[in-house]
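To keep things clear, I will list the structure first and then write my remarks on it.
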There are 2 protein chains.
Amino acid sequence: MGRKYNFSAGPAMLPEAVLQQAQEELSNWHGAGASIMEMSHRGKEFVSVHAEAENDVRELLSIPTNYKVLFLQGGATAQFATIPMNLLRGKSKADYVLTGSWGKKAISEAKKYCTVNLAASPDGDKFTSIPPNERWSLSQDAAYVHYTPNETIEGVEFHWIPKTGDVPLVADFSSTILSRPIDVSKFGLIYAGAQKNIGPAGLTLVIVRDDLIGNVLPITPSPFDYAKQAEADSMLNTPPTFGVYLAGLVFKWLKTQGGLSAMAKVNERKAQKLYAAIDNSSFYSNPVEKASRSWMNVTFILANAELDKEFLAGAEAAGLTTLQGHRSVGGMRASIYNAMPEAGVDALISYMADFEKRKA
Amino acid sequence: MGRKYNFSAGPAMLPEAVLQQAQEELSNWHGAGASIMEMSHRGKEFVSVHAEAENDVRELLSIPTNYKVLFLQGGATAQFATIPMNLLRGKSKADYVLTGSWGKKAISEAKKYCTVNLAASPDGDKFTSIPPNERWSLSQDAAYVHYTPNETIEGVEFHWIPKTGDVPLVADFSSTILSRPIDVSKFGLIYAGAQKNIGPAGLTLVIVRDDLIGNVLPITPSPFDYAKQAEADSMLNTPPTFGVYLAGLVFKWLKTQGGLSAMAKVNERKAQKLYAAIDNSSFYSNPVEKASRSWMNVTFILANAELDKEFLAGAEAAGLTTLQGHRSVGGMRASIYNAMPEAGVDALISYMADFEKRKA
């Protein structure tokens, strides 16, 4: 299909097989004489697509039956507001752990609805490490503890699940969901914008323990009331049907790949070989402490920032796109989610070695 | 493409030419080596798609320069909450005009944020007419007046723009936007879920006069703060990129059709011939007063409701799908938005006549 290796942090690559299937059936879904995106969300065709998507993601993540799975709109950014609306449950305080730019936004939004206790943040002003669990200042009266398992911009990731006692743990899994198994039972709520590892932008996945829902702030908009959406199978209002359909194709593709344990092996290997290439070079470097390096977003800087533009132009010419780091941190960032083939990482490593040989 | 005439109220038909183009470029947009839905929303490719979509809808609707055009998420149902959040501007009351099921939902949601004055509603308990403007009880201190120009479920439509003095007029144009020209300057805010006349579900269009924004309730989630989104060109967070892209293709298709004046002629003709077929029959009937009949959603009942199932099955077999009326009102409903070809309406009329001949 003349496709390139696209290292965008999100919206990001989708599996080629998923795009091919979506393309084939775009104007006439399964002979129904209409596109899936033209069909009523209450018709039997879409209802079955939606139910299969839910079943498949439940199977992939081994989601316990006492958790609701919701397909919503608004992205993780809307969740930053709607999580306190739903989970405060009469309390007025929540604990937040800050490890990067997205956590900072989550905190800023939560402050509209409750008192935020900053339970932990890294020493210094750079987000290059994860504060150890035993140093966190958790509140006894917090409604929940929020953290960001993977920070997309800084490339910092938790490789462990925090312990928070009886206080429900809430996690923004936008950039790491489905990249490996998760023990969902350890969480009160997991949420993720779709555009990195699930499907197209405009779809948000929420997985929430059912005893935590049903007691919202009175100002909660109905489409963001988890209990109402759970009751309505995420169809209180018209869902983003094409996004749910595409997510369903991605879930089926993950099953053909061997599920999340298999994905974890590939993703770990992709990340390790790219970090090894960086560490074995004196031309590239990554500032994140080794135990907290992200498998999904690998950041690196060139020894000479004046070569950044040439590096990026050469990469584009070699079919390796969108490698520029986030404007807030600079440098480079290779986002290597599930849909990035290992061959794409190999091609990047090879290009980096060649560039270094020519320029170092 | 083996396509059928799909009378779904929404998600609804898209123009065949739009689907064909989307299909052709789905896995490789304009030779970029990636699908448009895999591209960063901050990259030059998507930014240009987004800007063109905005320019085209501005041109189609002749939107004055002092109006912001926002592409949001959450559907009209989220707007039911976020309109009072944004437009109360220190006031505590809003006027609502009730003419159908969607207006009822808008009112119920608004009551979370302000006092709702029911400025007008139809006599009796059926939504089959529009209360005349001179009978409305408008409040002097209302922050805005909200109404629903077209009620999708009942098939009742305003064929005039209400006068509300200096109080900004707010309208849910979900089911009628782009079906004909609108004098945007008469409105404070126009909003529409995309899935009827704009594009796929999951995209919401908001057109708002710029002097009305910037003074939100403190509990407003950032992605629903119109001023913040206007400042960020609707990219405060990741927008539903594929929806914006498809909407852009629909806007371009509308321009090739001659724009909204040309669409108005076709839409009026489609509706009039279908109502004429109903009125000229003693077997089918429509309960809506003639001056308030919708061009977009034509409801009708059979003289004998026991024949409903047979009517629907025969229609399906003839390639005329999704004609069942909303579960709350029963009977039939033919939604004939922009993308429904006139030939589809002709085919329906012909089927109805044939069914009547066989069964009446």
Side-chain angles (χ1 to χ4, degrees), chain A residues 1-4 6 8-14 16 19-20 22-23 26-28 31-35 37-41 43 46 73-78 80-82 109 112-113 193 195 200-203 217-224 236-243 246 319 321-322, chain B residues 1-4 6 8-14 16 19-20 22-23 26-28 31-35 37-41 43 46 73-78 80-82 109 112-113 193 195 200-203 217-224 236-243 246 319 321-322:
Chain A
M1 307 202 281
R3 284 171 52 78
K4 297 180 178 171
N6 166 15
S8 172
M13 276 187 95
L14 289 163
E16 191 165 342
L19 279 176
Q20 273 172 345
Q23 185 163 30
L26 191 78
S27 60
N28 193 346
S35 173
M37 74 180 107
E38 297 175 296
M39 290 184 184
S40 168
H41 54 296
F46 181 74
Q73 298 183 55
T77 304
F80 294 165
T82 59
E109 196 74 7
K112 294 178 181 170
Y113 311 97
Q195 64 270 19
L203 175 70
L217 296 186
I219 49 80
T220 307
S222 296
F224 294 106
L236 186 85
N237 58 333
T238 313
T241 53
F242 190 68
L246 265 180
T321 72
T322 332
Chain B
M1 308 201 280
R3 284 172 51 81
K4 297 181 178 171
N6 166 14
S8 172
M13 277 187 93
L14 288 164
E16 191 165 343
L19 279 176
Q20 273 172 346
Q23 185 162 29
L26 191 77
S27 61
N28 193 347
S35 173
M37 74 180 106
E38 297 174 296
M39 291 184 183
S40 168
H41 54 297
F46 181 75
Q73 297 183 56
T77 304
F80 295 165
T82 59
E109 196 75 5
K112 294 178 181 169
Y113 312 97
Q195 65 270 20
L203 175 70
L217 296 186
I219 50 80
T220 307
S222 296
F224 294 106
L236 186 83
N237 58 332
T238 313
T241 53
F242 190 69
L246 265 180
T321 71
T322 332

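Side-chain atoms are counted along with the backbone in the values below, which use heavy atoms only and exclude waters and symmetry mates. We name chains A, B, ... by the order of the sequence lines, and we start the count at 1 in each one.
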For [X], is it the side chain, the backbone, both, or neither that has a heavy atom closer than 4.5 Å to a heavy atom of chain A?
X        : value
B:Ala22  : both
B:Ala12  : backbone
B:Phe80  : neither
B:Met37  : both
B:Leu217 : neither

message: Rounded at 0.5 Å granularity, tell me how far CD in A:Glu38 sits from CG in B:Leu19.
response: 4.5 Å
Portion of A:Phe224 that has a non-hydrogen atom of chain B nearer than 4.5 angstrom: side chain
task: Can you tell which part of A:Ala201 gets under 4.5 Å to a heavy atom of chain B, answering side chain, backbone, both or neither?
output: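 Both the backbone and the side chain of A:Ala201 come within 4.5 Å of chain B.
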Who wins among [options] for the most heavy-atom pairs under 4.5 Å with chain B?
options                      : value
A:Ser222, A:Pro240, A:Pro200 : A:Ser222
A:Thr238, A:Leu14, A:Ile219  : A:Ile219
A:Thr321, A:Thr220, A:Thr82  : A:Thr220

query: Backbone N or O of B:Gly74 within a donor-acceptor pair of the A:Asn237 side chain at under 3.5 Å?
result: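 Looks like yes, one N/O pair under 3.5 Å.
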message: Going by side chain to side chain contact (heavy atoms under 4.5 Å, CB included), name the residues that satisfy it together with B:Ser8, two or more places apart in sequence or in a different chain.
response: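 A:Ser40, B:Asn6, B:Thr322.
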Set of salt bridge (charged side-chain N to carboxylate O under 4.0 Å, His left out) partners for B:Lys112, sequence neighbours left out: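 Counting only residues at least two positions away or on another chain, B:Lys112 forms a salt bridge (charged side-chain N to carboxylate O under 4.0 Å, His left out) with B:Glu109.
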task: Return the minimal non-hydrogen interatomic distance between B:Ser27 and A:Arg3, and the atom names on each side.
output: O-NH1, 3.2 Å
